[in-house]
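Report on the following structure.
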Protein chains: 2
Amino acid sequence: MTTASTGAPLWLTDEEQCVWRAYLHATTLLEDHLDRQLQADAGMPHIYYGLLVQLSQAPRRQMRMTELAKDAKITRSRLSHAVARLEKNGWVRREDCPSDKRGQNAVLTDEGYEMLRRSAPGHVKAVRQAMFDRLTPEQVRSLGEIMKILAAGLQPEGADADLPWLR
Amino acid sequence: MTTASTGAPLWLTDEEQCVWRAYLHATTLLEDHLDRQLQADAGMPHIYYGLLVQLSQAPRRQMRMTELAKDAKITRSRLSHAVARLEKNGWVRREDCPSDKRGQNAVLTDEGYEMLRRSAPGHVKAVRQAMFDRLTPEQVRSLGEIMKILAAGLQPEGADADLPWLR
DNA sequence: GACCTTTTCTTGAAAGTTGAACTAGATAGA
DNA sequence: TCTATCTAGTTCAACTTTCAAGAAAAGGTC
């Protein structure tokens with residue numbers, strides 16, 4: 001069965017349905033797993049941890065809010081709330097941006113860095129156990145290729161600059 | 001650098017880091033995309049839609065709460081809230097389970113089925129455009145294989161019965 | 001400069017999620 | 001039977017996310 005105009009099939013094939021289900025199951029299970037792991041070991045959800053990692057890798061361990069939101073693929077609103085929470089924990093602080101009075105820099109504090117240093121090994125281990133230990137090198141390569149294609153297709157237009165693997 | 005005891009590397013390799021980043025980006029972008037698509041076209045988040053789909057495929061379009069939660073990979077608590085909301089929309093209703101007085105059956109209503117029938121084509125199209133149209137048949141096959149491995153590794157012990165692809 | 005548009009970031013309320021505590025019914029063993 | 005334990009499902013409070021609205025500064029254009 002296809003649409004009259006485009007000829008694109010209306011439904012997924014049996015194989016596609018099966019792949020889609022497996023994709024949904026694997027991704028939700030993995031995200032839940034890492035959320036629980038980090039909640040237990042670092043006291044925050046996975047996405048918050050990811051923000052700290054981003055900051056830790058930025059020059060001077062700081063980033064403009066919008067840039068951080070873009071890199072983490074979340075809305076500015078969500079980031080505002082998240083940074084407020086991380087600020088309460090003492091892991092991040094805000095600083096006014098000198099060159100743009102509207103701007104704010106999120107800065108990873110020493111406590112934040114210390115926390116990251118302590119919890120990183122456990123997190124890496126969890127990721128490794130859940131993903132890389134279970135796949136062959138060929139599968140890892142293939143997974144990377146596929147995920148880059150999917151991400152590129154979903155990226156807002158003109159956002160190539162945010163796809164480091166294309167640089 | 002490896003742990004003394006197991007010899008497992010503490011950090012991800014460059015390639016693994018790159019694959020991991022791509023995985024996180026692709027999965028969050030895709031989930032956001034489908035959430036917005038379904039919120040706009042069906043008035044509910046992706047996971048709620050998935051619950052209705054599950055029900056629609058079950059015998060008599062109904063399922064025990066726990067079974068539904070297991071299949072959808074969510075907690076019973078989350079499902080309770082979700083069904084309460086879907087009930088308000090008139091898409092699901094609860095019925096006492098005749099054989100177990102503790103139990104409840106979530107039943108897809110005719111309105112719910114109708115809603116699903118209307119919004120399914122748009123959703124399938126979104127999934128197709130985001131994933132299957134962008135991958136070669138070989139990549140689809142490979143993705144399915146990889147996701148099944150990951151899901152199997154994260155499944156709670158003894159839950160093989162919930163992996164339909166292993167039957 | 002005055003005006004309009006855009007960008008940056010925050011806020012508040014509504015919706016959704018989590019984990020723990022709880023009720024009620026099933027199950028199994030003495 | 002009596003009792004302890006387990007299972008099904010809900011509820012509450014704390015937390016997170018979303019969307020719409022808004023304040024403040026920047027950038028253009030006349």
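Lettering of chains follows the sequences in order, A, B, ..., and the numbering in each one begins at 1.
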Atom-pair distance (CG on A:Leu38; P on C:dT18), nearest Å: 15 Å
Sugar-phosphate, base or nothing in reach of B:Ser77, heavy atoms under 4.0 Å: base
B:Met65 CE to C:dG25 P, straight-line distance once rounded to whole Å: 17 Å
Listed nucleotide nearest any side-chain atom of A:Ile47, set C:dT18, C:dG16, D:dT17: D:dT17
B:Arg102 side chain near D:dC6 phosphate (N/O to OP1/OP2, under 4.0 Å): no
Phosphate OP1/OP2 of D:dG9 contacted by B:Arg64 side-chain N/O (<4.0 Å): yes
Rounded distance (Å) that lies between atom P of C:dT11 and atom CZ of A:Arg85: 17 Å
Quiz item: cation-pi between B:Arg61 and B:Tyr113, 6.0 Å / 45°: yes
A:Lys70 NZ - C:dC9 C1' separation (whole Å): 14 Å
Any B:Thr66 side-chain nitrogen or oxygen under 4.0 Å from OP1 or OP2 of D:dG9: yes
A:Met44 CE - D:dC15 C1' separation (whole Å): 15 Å
Heavy-atom side-chain proximity of B:Glu145 to B:Lys148 below 4.5 angstrom: no
Ion pair check, B:Arg141 and A:Glu15, cut-off under 4.0 Å: no
Nucleotide D:dA26, atom P - distance to CG of A:Asp96 in whole Å: 12 Å
Length of the line joining A:His46:NE2 and D:dT17:P, which is rounded to integer Å: 12 Å
Atom-pair distance (CZ on B:Arg78; P on C:dG16), nearest Å: 11 Å
Which residue lies more 5' along DNA chain D, comparing A:Gly43 with A:Asp100 via nearest heavy atoms: A:Gly43
N or O in side chain of B:Arg76 less than 4.0 angstrom from D:dT7 OP1/OP2: no
Per A:His81 side chain, nearest of listed nucleotides D:dT10, D:dA8, D:dT18: D:dT18
A:Thr28, A:Leu150, A:Thr27, A:Leu30 screened by side-chain contact (heavy atoms from CB on, under 4.5 Å) with B:Thr27, the one that passes: A:Thr27
Residue mapping more 5' on DNA chain C - nearest nucleotide basis, A:Gln39 or B:Gln39: B:Gln39
Mutual orientation of the aromatic rings belonging to A:Tyr23 and A:Trp20 [parallel < 30°, tilted 30-60°, perpendicular > 60°]: parallel
